[in-house]
Asker: 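Quick one: structure below, then a few questions.
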Amino acid sequence: MASKVKPLNVFLHCKGLKNLNMFKDGVHCVNGVYITLCRSFCNVSESPNTDDSSTTSESPELPSWVKFSEKENPLLDDPQDEFSIPTVSFWGGNHKIQDQRTDIKSIVSDITETDVDRISKILKCQFRSPDDVMQALKGCSVNVSDSLVGQILKRFSYDWIPALGFFKWATSLMGFKFSADLYNSLVDILGKCRKFDIMWEVVEEMDQLGKGYVSLNTMTKVFRRLAKAQRYKDAIEAFRKIEQYGLRKDVEAMNSLMDALVKGNSVEHAQEIYLEYKNCVVPNSHSFNILLHGWCKSRQIDKGRDTMKDMESHGFSPDVISYTCFIEYYCHEKDFRKVNEILQEMEEKGCPPNSVTYTIVMHALGKAKEINEALKVHEKMKQRGCVPDCSFYSSLIYILSKAGRLKDAREVFDDMSKQGVSPDVVTYTTMMATACEHSQEDNALNLLREMEKNGCKPDLRTYTPLLKMCCRKKRMKVLSFLLNHMFENDVSLELGTYSLLVLGLCKSGKLEHACMFYEAMVLRGFVPNDCTSDMLRKELEKMGMEKAKARIGELIVQAGSQRRL
């Protein structure tokens with residue numbers, strides 16, 4: 001049965017959000033487009049500052065600078081916005097959007113509303129507290145299960161009030177305890193939203209539920225969220241008291257803390273922990289690799305060399321991860337002579353590079369516009385018998401696209417499955433970013449359709465280039481569709497996405513919509529950066545929209561008070 005794209009004009013009917021007309025001061029209504037924003041923005045409950053990081057893997061990994069994002073094109077003005085969704089035949093129906101006075105309605109046939117949809121309708125409204133959420137859910141008849149709770153927590157992963165309120169309500173209905181994994185998800189949401197006091201209350205509740213509920217997985221989430229918020233001493237204190245939850249201060253726990261500190265940009269605190277505990281917690285090779293990764297990431301190569309010497313003095317030989325940390329450093333410095341020396345040393349010591357190593361080298365060469373040398377890395381990799389993985393293919397597609405070799409990039413993409421490697425979310429996102437950069441709307445959205453068809457679930461990165469393109473080209477109908485599509489795929493908006501929308505709409509002259517997103521951002525508890533606020537106020541002043549500018553000023557003050565909390 002075809003899925004249904006539901007009407008998107010309910011945004012203005014939610015409590016706590018002012019009508020878009022309040023922002024049109026001084027500028028006439030643009031073709032009546034005031035009700036096309038996605039209903040997912042109805043959820044404007046008071047939330048704290050959040051970070052935009054997702055769960056990250058253990059160090060080391062592909063470095064943060066190995067990105068497959070696109071450089072934004074100059075604005076392409078098309079006020080008629082005649083573009084219609086090219087994948088309607090897949091998402092159902094064969095109807096096209098007629099003009100800017102209509103939302104995306106009745107594109108496809110009806111679908112039975114699920115329990116997740118029924119709960120989501122309630123949770124999208126504004127609530128002052130989790131208790132208010134529980135009150136609103138009274139009498140809601142749904143089949144509460146671990147699966148339902150897991151999906152709701154994912155869908156509202158940046159909105160702690162509805163997430164916590166729903167969890168409490170669901171717990172009160174159940175005759176059994178939810179799984180530890182669901183509690184861990186809630187801990188992560190509260191940590192991400194920097195509600196650390198409540199996060200600890202949930203950890204204490206888990207401890208009372210019985211042995212096994214508070215695990216190293218739980219504490220790792222705590223470490224990472226505290227370190228991400230630069231509360232390094234709190235993260236260290238959490239490690240010090242893990243024994244009260246029945247956990248051991250062993251090397252695995254110590255590595256978990258050190259890894260969180262390194263990813264939170266404080267290798268110095270990780271080093272302190274290592275020095276404090278190395279006599280009672282015997283480090284392993286991973287302990288040293290975490291520190292190596294941190295020193296190289298922070299551009300402190302001499303301390304990285306000292307760590308490798310320390311590693312060898314403890315009886316551990318540097319492995320492929322150790323060498324790759326140094327290769328990452330020299331790639332970032334574009335010192336490819338030194339990169340080749342390390343690659344040669346690895347071969348001589350019987351520690352051949354792996355796919356991550358080759359990906360970092362190839363990507364760095366590509367970014368340095370050394371395309372031929374980058375392609376030679378691919379050939380060398382094949383000669384050494386190292387099988388390319390998804391990350392390698394994604395990087396290859398990226399550098400070919402950046403070099404303008406779009407046909408070659410597509411051939412690599414098509415060849416992946418023949419080589420036994422299925423494209424993942426990063427691969428599809430890379431292809432979509434390229435299509436969006438070249439204003440290939442049909443191609444970009446068809447890739448999204450293909451991605452879904454192949455069972456590869458999109459994430460926030462997937463939608464970013466699509467949203468940028470819509471703002472740049474003033475495709476408000478498609479923007480509405482995508483925002484709704486994100487919500488239905490349990491992709492929660494965060495500070496970065498709101499900022500992207502506000503800035504993008506400012507640049508394309510859609511100031512009323514930029515104001516709407518700015519207000520929604522603040523009401524959800526996000527604190528806009530100064531660049532976003534300054535640009536919006538400057539554009540409003542340029543257009544003589546004094547009332548709207550005054551309202552944005554009020555929101556800036558409100559956001560400032562949230563920053564101080």
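Quantities reported herein were computed from a predicted structural model and do not represent experimental measurements.
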Asker: Going by distance alone, is a donor N or O of one side chain under 3.5 Å from an acceptor N or O of the other, for T430 and S394?
Answerer: no

Asker: Does any N or O in the side chain of R475 come within less than 3.5 Å of the main-chain N or O of L467, such that one atom is a donor and the other an acceptor?
Answerer: no

Asker: Check this for me, if you would: do E450 and K453 make a salt bridge, where the nitrogen-to-carboxylate-oxygen distance has to be below 4.0 angstrom?
Answerer: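 Result for this pair is no, no salt bridge flagged.
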
Asker: Please confirm whether the backbone N or O of R472 pairs with a side-chain atom of S508, one donor and one acceptor, at under 3.5 Å?
Answerer: no

Asker: Mind checking the OG-CD1 spacing from S185 to I152? Nearest 0.5 Å is all I need.
Answerer: 13.0 Å

Asker: Taking only Lys NZ, Arg NE, NH1 and NH2, and the carboxylate oxygens of Asp or Glu, determine whether E488 and R155 approach each other closer than 4.0 Å.
Answerer: no

Asker: Taking the six-membered ring for Trp and the single ring otherwise, decide whether the centroids of F526 and Y498 are under 6.0 Å apart.
Answerer: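 Yes - the distance between ring centres of F526 and Y498 falls below the 6.0 Å cut-off.
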
Asker: Kindly state whether the ring of F481 and the ring of H485 have centres lying under 6.0 angstrom apart.
Answerer: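 Centroid separation for F481 and H485: below 6.0 Å.
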
Asker: Can we say R224 and D259 salt-bridge, meaning some charged N sits less than 4.0 Å from an Asp/Glu carboxylate O?
Answerer: yes

Asker: Under 3.5 Å, is there a donor-acceptor pair between the side chain of N489 and the main chain of V491?
Answerer: no

Asker: Counting only N and O atoms by type, is there a donor-acceptor contact under 3.5 Å from the side chain of N446 to the main-chain atoms of D442?
Answerer: yes

Asker: Are any of the side-chain nitrogens in K192 or E494 under 4.0 Å away from the carboxylate oxygens of its partner?
Answerer: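 E494 and K192: not salt-bridged.
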
Asker: Return the orientation label for the F178 and F167 ring planes: parallel under 30°, perpendicular over 60°, tilted otherwise.
Answerer: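 Ring orientation of F178 relative to F167: tilted.
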
Asker: Report the C-alpha distance between D459 and T462 in whole Å, list the side-chain angles of each, state the deciding distance to 0.1 Å, and finish with yes or no for side chain to side chain donor-acceptor pair (under 3.5 Å).
Answerer: CA-CA 5 Å; D459 63 12; T462 308; 3.1 Å; yes

Asker: With a 3.5 Å distance limit and no angle check, can you tell me whether S298 reaches the backbone of G294 through a side-chain donor-acceptor pair?
Answerer: yes

Asker: What verdict does the side chain to side chain donor-acceptor pair (under 3.5 Å) test give for T220 and N217, after you've listed the backbone C-alpha separation in whole Å, the side-chain angles of each residue and the deciding distance to 0.1 Å?
Answerer: CA-CA 5 Å; T220 297; N217 185 26; 5.6 Å; no

Asker: For S120 and D117: C-alpha separation, side-chain torsions, deciding distance, then whether side chain to side chain donor-acceptor pair (under 3.5 Å) applies.
Answerer: CA-CA 5 Å; S120 296; D117 292 329; 5.3 Å; no

Asker: Is it true that the side chains of D530 and S533 contain a donor and an acceptor less than 3.5 Å apart?
Answerer: no

Asker: Step by step, work out the side-chain contact (heavy atoms from CB on, under 4.5 Å) result for V426 and Y398.
Answerer: CA-CA 10 Å; V426 176; Y398 175 83; over 6 Å; no

Asker: In Å, rounded to the nearest 0.5 Å, how long is the span from OG1 of T532 to CD1 of I556?
Answerer: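 Here the interatomic distance stands at 10.0 Å.
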
Asker: Once you round to the nearest 0.5 Å, how far does CG of L482 lie from CG of L466?
Answerer: 5.5 Å

Asker: Quick check against the 3.5 Å criterion: does S499 have a side-chain atom that pairs as donor or acceptor with the backbone of L495?
Answerer: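 At least one qualifying donor-acceptor pair exists.
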
Asker: Checking side-chain contact (heavy atoms from CB on, under 4.5 Å) for the pair K507/M535: CA distance, chi angles, key distance, verdict?
Answerer: CA-CA 9 Å; K507 290 177 182 178; M535 173 176 276; 4.2 Å; yes

Asker: Examine the side chains of E268 and Y232 and answer whether a donor and an acceptor come within less than 3.5 Å of each other.
Answerer: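 No, Y232 and E268 have no side-chain donor paired with an acceptor closer than 3.5 Å.
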
Asker: Look at atom NZ of K538 and say whether more than 12 heavy atoms of other residues, nucleotides or ligands are closer to it than 6.0 Å.
Answerer: no

